[in-house]
Amino acid sequence: MALRLPFPPYNPSCFSSSLRFGARKTKYSKILMTLSPPSKRREINDDMAKQMRTLKVEIKEVTHSMHPEKLEIFKSLEEWVEDNILTLLKPVESSWQPQDFLPDPSAEGFFDGVKEMRDRAAGIPDDYYVCLVGNMITEEALPTYQSVINTFDGVRDETASSLSSWARWTRKWSAEENRHGDILNKYLYLSGRLDMRQIEKTIQYLIGSGMILPAENDPYRGFIYTSFQERATFISHGNTAKHAKDHGDILLAKICGLIAADEKRHEAAYTKIIEKLFEIDPDTTMLALGDMMKKRITMPALLMFDGQDDNLFDHYSSVAQRIGVYTTKDYGDIVEFFVKRWNVEELTGLSGEGRRAQDYVCGLAQRIRRMDERAQERKVKQSHMVPFSWIFNRSVLV
């Protein structure tokens, strides 16, 4: 479920919200990257120092902001989810699996298949690999994303095996997503072009760090976030597929294309959920959309760290922007897409606060594009080479 939005920039102040749906519980905390400590005290101290240097931000966490009466809305949608959302999943037996596209380790031709992969990989440039690795690492942090959805009030999986429609969707969505990081990880390992230990460290750091998502345990905000995330992932994997084809690796292009197709189905599911919420509770949904847009959606891999680069996510995002894997323009297009898809401009009967949120969201895409134009002018002057540990510290233009 990879997502890299280079715009808007991370802004700690965005975590406080002026919206008031119900009682709020708040607490102050420091967001620190954490990892299981090594055995020696000095190593522990050195490791923690690296993590704390990477991100140490005091934010105001808002939790459980949704008014209790809204829980009934999500309970009432159980049957609708059964009929309209679970149907977007594919049966396991007819789903593609990573092994369908990788050399069979039990076959005599396994090493010949690996050699063919490595021959194709030799012609792919480093900047493409930086983006593909970043995609894979973000996908591999899937445990965090399932955990986050299970913090949403009214839809969480209370038992880890609940038969509710919401819980089954989350587990099965996660099961489909799990294949994405799996196949990319194996493919990149077999390519022989990458420092897999550095990549594995980055994955461990990221999962151990979690993610910053100011959804306030609120499924309105949470499913708005996942709608944007899945659409962006569809775009980014689609672009990596095009780049792979241009570089002559047709199999890799097919793999990225299959992942993009999965993300498109998942986008359809979350988009339908928000569409339904606009239908039955337009004002609360509009307020939630305005709030999430003002908060400037933070990306799931924002806390990415490899033990070396304190600005790894920014550098990775800059490369993705430069080569067109995922750009600020794409983000503006996504905002515009959902404004049209959810008929935001046509909503009526909103409260005063809801109308203000509506006006803000409807004008946001244009503001993003104007800011992007100014940012790109500055970026041309500031471009420089940065080493990436994933590619044995070879340098790439960011």
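- Listed for the Asp283 side chain is a donor-acceptor partner under 3.5 Å among the backbone atoms of Ser351.
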From CA spacing to verdict: side chain to side chain contact (heavy atoms under 4.5 Å, CB included), Arg221, Ser65:
CA-CA 10 Å; Arg221 290 174 172 86; Ser65 64; 3.4 Å; yes
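- Test Phe74, Phe152, Phe278 against Tyr220 for ring-ring contact (aromatic ring centres under 6.0 Å, His included) and you get one pass: Phe74.
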Report the C-alpha separation of Asp330 and Thr327 in whole Å, then their side-chain angles, then the decisive distance to 0.1 Å, and conclude whether the side-chain hydrogen bond (donor to acceptor under 3.5 Å, both in side chains) test is met.
CA-CA 5 Å; Asp330 291 325; Thr327 68; 3.2 Å; yes
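- Thr240 places a side-chain N or O within 3.5 Å of a backbone atom of His237 that can act as its donor or acceptor partner.
- The shortest side-chain heavy-atom distance between Glu230 and Glu177 falls under the 4.5 Å cut-off.
- Between Glu275 and Trp342, the shortest heavy-atom contact is N-NE1, 3.8 Å.
- Between Met66 and Asn217 the shortest side-chain heavy-atom distance does not fall below 4.5 Å.
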Take Asp291 and Glu216, measure what side chain to side chain contact (heavy atoms under 4.5 Å, CB included) needs, and give me the verdict at the end.
CA-CA 11 Å; Asp291 189 39; Glu216 306 176 9; 3.9 Å; yes
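- Geometrically, Arg231 does not engage Tyr270 in a cation-pi contact defined by less than 6.0 Å to the ring centre and at most 45° from the axis.
- The existence of a salt bridge linking Arg168 and Asp157 is excluded, since no basic side-chain nitrogen approaches an acidic carboxylate oxygen closer than 4.0 Å.
- Residues Cys256 and Leu132 meet the side-chain proximity criterion, which asks for heavy atoms closer than 4.5 Å.
- A pairwise comparison of heavy atoms in Asn239 and Gly324 identifies ND2-O, 3.4 Å as the closest pair.
- Atom OG1 of Thr170 is separated from atom CD1 of Ile149 by 5.0 Å, given to the nearest 0.5 angstrom.
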Let me see the working for Phe338 and Phe228 under side chain to side chain contact (heavy atoms under 4.5 Å, CB included), right down to the final yes or no.
CA-CA 8 Å; Phe338 282 122; Phe228 273 76; 3.7 Å; yes
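- Using a 4.0 Å cut-off between charged nitrogen and carboxylate oxygen, Lys115 and Asp119 count as a salt-bridge pair.
- A distance of 6.5 Å separates OG in Ser318 from CG in Asp314, rounded to the nearest 0.5 Å.
- Taking the six-membered ring for Trp and the full ring otherwise, Phe223 and Trp166 have centroids separated by under 6.0 Å.
- With hydrogens and angles ignored, the 3.5 Å screen pairs a side-chain donor or acceptor of Lys295 with a backbone N or O of Pro214.
- When hydrophobic side chains of Ile, Leu, Val, Met, Phe, Trp and Tyr are connected at separations under 4.5 Å, Leu397 ends up clustered with Met385.
- Using modelled atom types, one finds no donor on one side chain facing an acceptor on the other under 3.5 Å when comparing Thr233 with Glu263.
- The aromatic rings of Phe305 and Tyr205 lie perpendicular to each other, with more than 60° between the two planes, well past the 30° mark.
- The two atoms that bring Thr151 and Arg156 nearest to each other are O-NH2, 2.8 Å, heavy atoms only.
- When only modelled atom types and interatomic distance are considered, Tyr187 and Asp249 share a side-chain donor-acceptor pair under 3.5 Å.
- Closest of all the heavy-atom pairs between Gln358 and Leu350 is OE1-CD1, 3.6 Å.
- Here the CD-NZ distance, from Glu267 to Lys264, works out to 4.0 Å after rounding to the nearest 0.5 Å.
- Looking only at atom types and distance, the side chain of Gln198 has a donor-acceptor partner in the side chain of Lys201 under 3.5 Å away.
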Test Asp359 against Arg355 for salt bridge (charged side-chain N to carboxylate O under 4.0 Å, His left out), laying out the working first.
CA-CA 6 Å; Asp359 291 342; Arg355 289 193 299 273; over 6 Å; no
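- For Thr138 (side chain) and Ala301 (main-chain N/O), no donor-acceptor pair under 3.5 Å exists by modelled atom type.
- Counting heavy atoms from C-beta outward, Glu79 and Ser165 have side chains that stay 4.5 Å or more apart.
- A chain of hydrophobic side-chain contacts below 4.5 Å, direct or via other Ile, Leu, Val, Met, Phe, Trp or Tyr residues, connects Ile280 to Met286.
- Contact annotation: the side chain of Ser227 never approaches that of Phe337 to less than 4.5 Å [non-hydrogen atoms, C-beta and beyond].
- Residues Ile207 and Thr144 share a closest heavy-atom pair of O-OG1, 3.8 Å.
- By the criterion of side-chain heavy atoms lying less than 4.5 angstrom apart, applied directly or through intervening Ile, Leu, Val, Met, Phe, Trp or Tyr residues, Leu88 is not grouped with Ile274; the two fall into different hydrophobic clusters.
- Criterion: ILVMFWY side-chain heavy atoms under 4.5 Å apart, direct or through other members. Under it, Trp80 and Leu71 are part of a common hydrophobic cluster.
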Begin with the C-alpha distance, continue with both residues' side-chain angles, and end with the deciding distance and a verdict on side chain to side chain contact (heavy atoms under 4.5 Å, CB included) for Asp309 and Val386.
CA-CA 10 Å; Asp309 187 351; Val386 170; 4.3 Å; yes
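- Between Asp333 and Lys329 there is a salt bridge, with a side-chain nitrogen of the basic residue lying less than 4.0 Å from a carboxylate oxygen of the acidic one.
- In terms of modelled atom types and a separation under 3.5 Å, the side chain of Glu336 and the main chain of Val339 share no donor-acceptor contact.
- Under a hydrophobic clustering in which Ile, Leu, Val, Met, Phe, Trp and Tyr are joined whenever their side-chain heavy atoms come within less than 4.5 Å, directly or via other members, Ile250 and Leu184 fall into different clusters.
- Of all heavy-atom pairs between Ser191 and Ala121, the closest is CB-CB, 3.9 Å.
- Distance check: Ile334 CD1 to Arg341 CZ gives 14.5 Å after rounding to the nearest 0.5 Å.
- Remark: Leu190 CG to Asn185 CG distance equals 9.5 Å, nearest 0.5 Å.
- Inter-residue side-chain proximity for Trp96 and Ile183 is flagged as met; some heavy-atom pair is nearer than 4.5 Å.
- Here the side chains of Asp262 and Arg179 are in contact, with some heavy-atom distance below 4.5 Å.
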Full working for salt bridge (charged side-chain N to carboxylate O under 4.0 Å, His left out) between Lys276 and Glu279
CA-CA 5 Å; Lys276 186 67 173 178; Glu279 176 187 326; 3.4 Å; yes
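- Taking the ring axis of Phe101 as reference, the NZ or CZ atom of Lys254 does not stay both within 45° of it and closer than 6.0 Å to the ring centre.
- Put simply, OG on Ser389 and CG on Asp195 are 6.5 Å apart, with the number rounded to the nearest 0.5 Å.
- For His243 (side chain) and Ile323 (main-chain N/O), a donor-acceptor pair under 3.5 Å exists by modelled atom type.
- Side-chain heavy atoms closer than 4.5 Å link hydrophobic residues (I, L, V, M, F, W, Y) into clusters, and following such links, possibly through other members, connects Leu89 to Ile259.
- In terms of modelled atom types and a separation under 3.5 Å, the side chain of Arg193 and the main chain of Ile124 share a donor-acceptor contact.
- Side-chain atoms of Glu345 do not come within 3.5 Å of backbone N or O of Cys362 as any donor-acceptor pair.
- Using cut-offs of 30° and 60° for the angle between ring planes, the Phe388 and Trp390 rings count as tilted.
- More than 12 heavy atoms of other residues, nucleotides or ligands shown are found within 6.0 angstrom of CZ on Phe110.
- Trp169 has its side chain out of reach of Val155: every pair of non-hydrogen atoms, C-beta onward, lies at least 4.5 Å apart.
- A salt bridge does not link Glu353 to Arg356: none of the charged side-chain nitrogens sits closer than 4.0 Å to a carboxylate oxygen.
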